[in-house]
Q: 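Below are the structure tokens for one structure; questions will follow.
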Amino acid sequence: MILIMSRIIFHCDLDCFFASVEIRDNPVYKNKPVIIGADPKGGQGRGVVATCSYEARDFGLHSAMPISKAYRLCPQGIYLKPDHEKYHYASQEVMKILRSYSPKFQQMGIDEAYLDMTDMCKSFDKVEKIAQEIQEEVFNNVGITLSIGCASSKSIAKIASDFNKPNGITLIRDQDREDFLQNMDIIRIPGIGKKSKSYYNKKGINKIGDILQKPLYQMIALFGKNGEWVWNVVNGLDERAVKEFHEKRKSISKERTFYEDTDNLSEIISKLEEINTKIHQKLEKKNIYYRTITLKIRFEGFQTYTRSYSMKSYIRNRKKVLKVILQLMREFRNNEKKVRLVGIKLSNLKRNLDNTQTKILQFIHA
Ligand code: TTP
Ligand code: MG
């Protein structure tokens, strides 16, 4: 007889992440509705809510809601602008801890990661103990809470981590999977967004139980490849491994030679702006962050200099890069030669998959 050991996967997701960091740094905000996002400008503001504390969620607020609506529902809330650099730093601290629990670690968005704990747990008995340990270590070192879902596949672990937030641990054994999923709305399935939900609803599929009842061939007939994927997920057959993404590329750079050597500062700056914008379009498309910013400058006569500056955490911020580049340029302001070429290089790269934007097809091919 062949015994197939089922895997034990943890999905860890920080609770109302941006808001938790702000509350940690300003304890007077504790237990209050805290909203991170655009300036509400007394209800006239444009833009959206990035996230909000669980107290704010009690007023009906949620991520991506227009900030004007949030203000209408909760005018007494504490509205704060996001401090992305701070959140990236906190995220890195958390990820360092999570990574130490298993060599099979995969970071997804800024606030979530998978761990394959099969070799560490052996049985489900140890699962809860280790999950608690992770929560304690993150809280004691970073000061924020997270929820953990544990199951034998990535998708079920992800559904489980969302089930008992904040600061929850949800363990789903294979034999309990169907009961656990049965009455859930299909929107809980990772990869089903609002659009596919309404498509599924039109065909009479509302709860996960409706999928569990169907044989695979019917799901394929109704929804094609997507239906096959969803059927596999709810039946615990998502076999995707936990694998860390390694950015193969070491740096991304661009440089431009002037048609004619120049000492016109505004022309030089506008060339740097152009390069900077191009690089950032690429980085955004590929969801890549960086820590090190390098200026390259070549004068007439081919003297070439590079000057670098490293941030303390990973960023992706076009304005910040330009500011750093202009600072690095100051060293050359008394150089009397004309400039022949300028370039920007960003290195120390890291890819951060933002799961909130993962479309089902990307998900299938992940
Ligand atoms: P999520 O994990 O989706 O949300 P959350 O951590 O705030 O809340 P939960 O407890 O339900 O997990 O996203 C992580 C962070 O990403 C979040 O704190 C803010 C940011 N974010 C946005 O900026 N815009 C969005 O639309 C979403 C969904 C998240
Ligand atoms: Mg979260």
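Numbering of ligands and ligand atoms starts at 1, following listing order.
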Q: Using 2.8 Å as the threshold, say whether any N, O or S atom from Leu14 sits that close to the Mg ion (ligand 2).
A: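 Leu14 does place an N, O or S atom closer than 2.8 Å to the Mg ion (ligand 2).
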Q: Pull out every atom of ligand 1 sitting under 4.0 Å from any heavy atom of Asp13, numbered as shown with elements.
A: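 Under 4.0 Å from Asp13, ligand 1 has these atoms: 2 (O), 12 (O).
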Q: Applying a strict 4.0 Å limit to heavy atoms, is Tyr54 in contact with ligand 1?
A: yes
Q: Taking the side chain as every heavy atom from C-beta outward, state whether Phe10 and Met120 have any atom pair closer than 4.5 Å.
A: no
Q: Going by heavy atoms, is Cys16 under 4.0 Å from ligand 1?
A: yes
Q: Please determine whether the number of non-hydrogen atoms from other residues, nucleotides or ligands lying under 6.0 Å from atom CD of Glu260 exceeds 12.
A: no
Q: Is any side-chain heavy atom of Ile134 closer than 4.5 Å to a side-chain heavy atom of Leu98?
A: yes
Q: Below 3.5 Å, N or O to N or O, backbone or side chain included: is there any such pair between Ile110 and ligand 1?
A: no
Q: Between Glu112 and Lys158, is there a salt bridge with N-O shorter than 4.0 Å?
A: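 Judged by the 4.0 Å cut-off on N to carboxylate O distance, Lys158 and Glu112 do form a salt bridge.
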Q: State if Arg57 counts as touching ligand 1 under the rule of any non-hydrogen atom under 4.0 Å.
A: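 The answer is yes, since Arg57 has a heavy atom less than 4.0 Å from ligand 1.
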Q: Are Asp238 and Arg240 ion-paired here, with the side-chain N under 4.0 Å from a carboxylate O?
A: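 Yes, this pair counts.
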Q: Could you tell me, atom by atom, which parts of ligand 1 come under 4.0 Å of a heavy atom of Ser63?
A: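 Those atoms are 25 (C), 26 (O), 27 (C), 28 (C).
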Q: Would you say Glu112 reaches the Mg ion (ligand 2) with an N/O/S atom under 2.8 Å?
A: no
Q: Are Arg177 and Phe180 in a cation-pi setup, meaning NZ or CZ lies under 6.0 angstrom from the ring centre and within 45 degrees of the ring axis?
A: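 No, Arg177 does not sit over the ring of Phe180.
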Q: At under 4.0 Å between heavy atoms, which part of Leu14 makes contact with ligand 1: side chain, backbone, both or neither?
A: backbone
Q: Side chain of Ser155, backbone of Val234: donor and acceptor closer than 3.5 Å?
A: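 No: the side chain of Ser155 does not pair with the backbone of Val234.
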Q: Once rounded to 10 degrees, what value does the angle at the Mg ion (ligand 2) take between OD2 (Asp111) and OD1 (Asp13)?
A: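 Roughly 100°, rounded to 10°.
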Q: Within a radius of less than 6.0 Å around CZ of Arg188, do more than 12 heavy atoms belonging to other residues, nucleotides or ligands occur?
A: no
Q: Using 2.8 Å as the threshold, say whether any N, O or S atom from Asp15 sits that close to the Mg ion (ligand 2).
A: no
Q: Look at atom 2 (O) of ligand 1 and find which of Val49, Asp111, Ile144 reaches it with the closest heavy atom.
A: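 Looking at heavy atoms only, the winner is Asp111.
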